[in-house]
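Below is one structure, written out as structure tokens; the observations come after it.
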Amino acid sequence: MSLLYTFYERRALNAFVEQNFPKARDLFIKMLKKWPQRIGIRHNLGLVYLGLRDFPAAESCFLKELQDYGDSVSRHRALGDLYFSWGKASEAAAHYRSAINLLKAESKPAGSNYNIDLHFLELRLALCLDNEAFAKTMVGDAALQRGLEAQAKKEWDRAYEEFGTATLADPTNFPAWNNRGSIALNIYKDYKEAQRCFTEAAKLSSTPAIQQNLALINTLLDQH
């Protein structure tokens, strides 16, 4: 792997983590032009488009990646998440089901995130198959977006409330759990609520940042 590729990738991924989606989009597009055959660039670009709420562009990226490189848990999971956010329950269910079947067919390496990933996928599939529950998740997604907007403006009370609304409407909304936990920890110093939120988020996502948040709050509570 070239130093130039590593340089671009680090900048793009850092922008994505910081939720600077326009910058991440531009960098991944440049990477795709320079290294069109590199597996994963288009997938990451699709995730950025998902963050930008540009669902058709995300769909194009994810479907092209699936067509070019075949079935995988991550590719079907990405499509499931896309259609879930887009409000397309049947399409989301089909891809979540494919991801579940592929995940179960894999051997479980020691220390893997198998149980977390399977738990999340099965919960999401159940929501997709329940019309009333799925409709509520759309309410939750709207609340998440309002919360993110308030958070960007440092309107902590409104963001905190909206994230709470999102988790009540969609218990699988781990970004809302994590963001509410972060506000509880950093703004309100409510360590018990932060622990509750981070615990729920960590049950749903193996993302290192979320797992680290849970470890941090547990350490803080042990010291008190």
Side-chain angles (χ1 to χ4, degrees), residues 1 5-88 91-96 98-100 102-103 113 116-117 120-121 123-125 128 137-138 140-142 144-145 147-149 151-152 166 170 172-179 182 201-202 204-213:
M1 186 178 296
Y5 178 87
T6 301
F7 172 73
Y8 268 100
E9 183 181 49
R10 183 179 295 114
R11 291 180 64 206
L13 291 175
N14 285 342
F16 179 77
V17 170
E18 293 166 2
Q19 298 190 353
N20 187 343
F21 297 128
K23 180 180 179 180
R25 175 199 58 206
D26 293 345
L27 286 167
F28 279 125
I29 287 174
K30 287 181 180 179
M31 291 177 67
L32 196 58
K33 289 178 179 177
K34 286 180 177 291
W35 299 281
Q37 303 304 318
R38 180 83 68 166
I39 297 176
I41 297 176
R42 186 176 279 105
H43 178 87
N44 287 333
L45 179 58
L47 294 176
V48 172
Y49 280 128
L50 185 54
L52 288 167
R53 314 288 289 177
D54 187 342
F55 297 141
E59 180 183 43
S60 177
C61 288
F62 292 149
L63 288 177
K64 176 65 173 171
E65 192 85 353
L66 183 65
Q67 175 186 334
D68 287 351
Y69 304 115
D71 292 328
S72 76
V73 174
S74 62
R75 292 181 192 122
H76 283 289
R77 159 78 183 266
L79 280 160
D81 289 345
L82 162 66
Y83 290 125
F84 191 90
S85 295
W86 205 346
K88 299 185 175 186
E91 290 91 338
H95 287 286
Y96 282 139
S98 293
I100 289 169
L102 287 167
L103 187 60
N113 298 310
I116 294 174
D117 294 341
F120 173 81
L121 291 167
L123 288 177
R124 276 286 173 94
L125 178 58
C128 291
T137 70
M138 296 299 96
D141 187 68
L144 172 66
Q145 299 310 313
L148 292 172
E149 179 183 325
Q151 184 171 252
D170 175 12
T172 69
N173 195 327
F174 63 85
W177 281 115
N178 188 61
N179 287 336
S182 294
L204 300 164
S205 173
S206 56
T207 303
I210 290 178
Q211 297 295 324
Q212 289 164 11
N213 282 341

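Since this is a predicted model, take the numbers as computed values, not measurements. In this chain, numbering begins with 1 at the start of the sequence shown.
The distance from the CH2 atom of W177 to the CG atom of N213 is 14.5 Å, given to the nearest 0.5 Å. For the atom pair OH of Y49 and OG of S60, the computed distance is 8.5 Å after rounding to the nearest 0.5 Å. Rounding to the nearest 0.5 angstrom, the gap separating the CG atom in L52 from the CG atom in L45 is 9.5 Å. To the nearest 0.5 Å, the span separating CG on L66 from OG on S98 amounts to 8.5 Å. The distance from the CG atom of L103 to the OG atom of S72 is 11.0 Å, given to the nearest 0.5 Å. Within the model, atoms CG of L204 and CG of L123 stand 6.5 Å from one another, a figure rounded to the nearest 0.5 Å.
Looking at heavy atoms from C-beta onward, D81 lies in side-chain contact with R124 at the 4.5 angstrom threshold. Proximity of F120 to S205: side-chain heavy atoms (C-beta onward) are nowhere separated by under 4.5 Å. Residues D170 and D141 form no side-chain contact, since every pair of their non-hydrogen atoms from C-beta on lies 4.5 Å or further apart. Considering only heavy atoms from C-beta on, E91 stays 4.5 Å or farther from C128 through its side chain.
Smallest separation of non-hydrogen atoms from R38 and Y5: CG-OH, 3.4 Å. Contact between L82 and A58 at its shortest, heavy atoms only, is CD1-CB, 4.0 Å. In this structure, A166 and N173 approach most closely via the heavy-atom pair CB-ND2, 4.0 Å. Between N113 and S206, the shortest heavy-atom distance links the atoms CG-CB, 3.3 Å. Across all non-hydrogen atoms, the minimal contact from M138 to F84 is CE-O, 3.0 Å.
Ring geometry for F55 versus W86: interplanar angle of 30 to 60°, hence tilted.
Between K30 and D26 there is no salt bridge, since no side-chain N of the basic residue sits under 4.0 Å from a carboxylate O of the acidic one.
In summary, of the residues considered (V48, I41, L47), a side chain to side chain contact (heavy atoms under 4.5 Å, CB included) with N44 occurs for L47 alone.
A donor-acceptor pair under 3.5 Å is formed between the side chain of N179 and the backbone N or O of P175.
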Could you go through residues 12-22 and list every donor-acceptor pair under 3.5 Å that involves a side-chain atom there, pairing it with any protein atom two or more places apart or in another chain?
{"from": "N14", "atom 1": "ND2", "to": "R10", "atom 2": "O", "distance (Å)": "3.2"}
{"from": "N20", "atom 1": "OD1", "to": "K23", "atom 2": "N", "distance (Å)": "3.4"}

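A ring-centre distance under 6.0 Å is found for H43 and F62.
For the salt bridge (Lys or Arg N to Asp or Glu O under 4.0 Å) condition, the pairs that include at least one residue of residues 54-75, sequence neighbours left out, are K64-D68.
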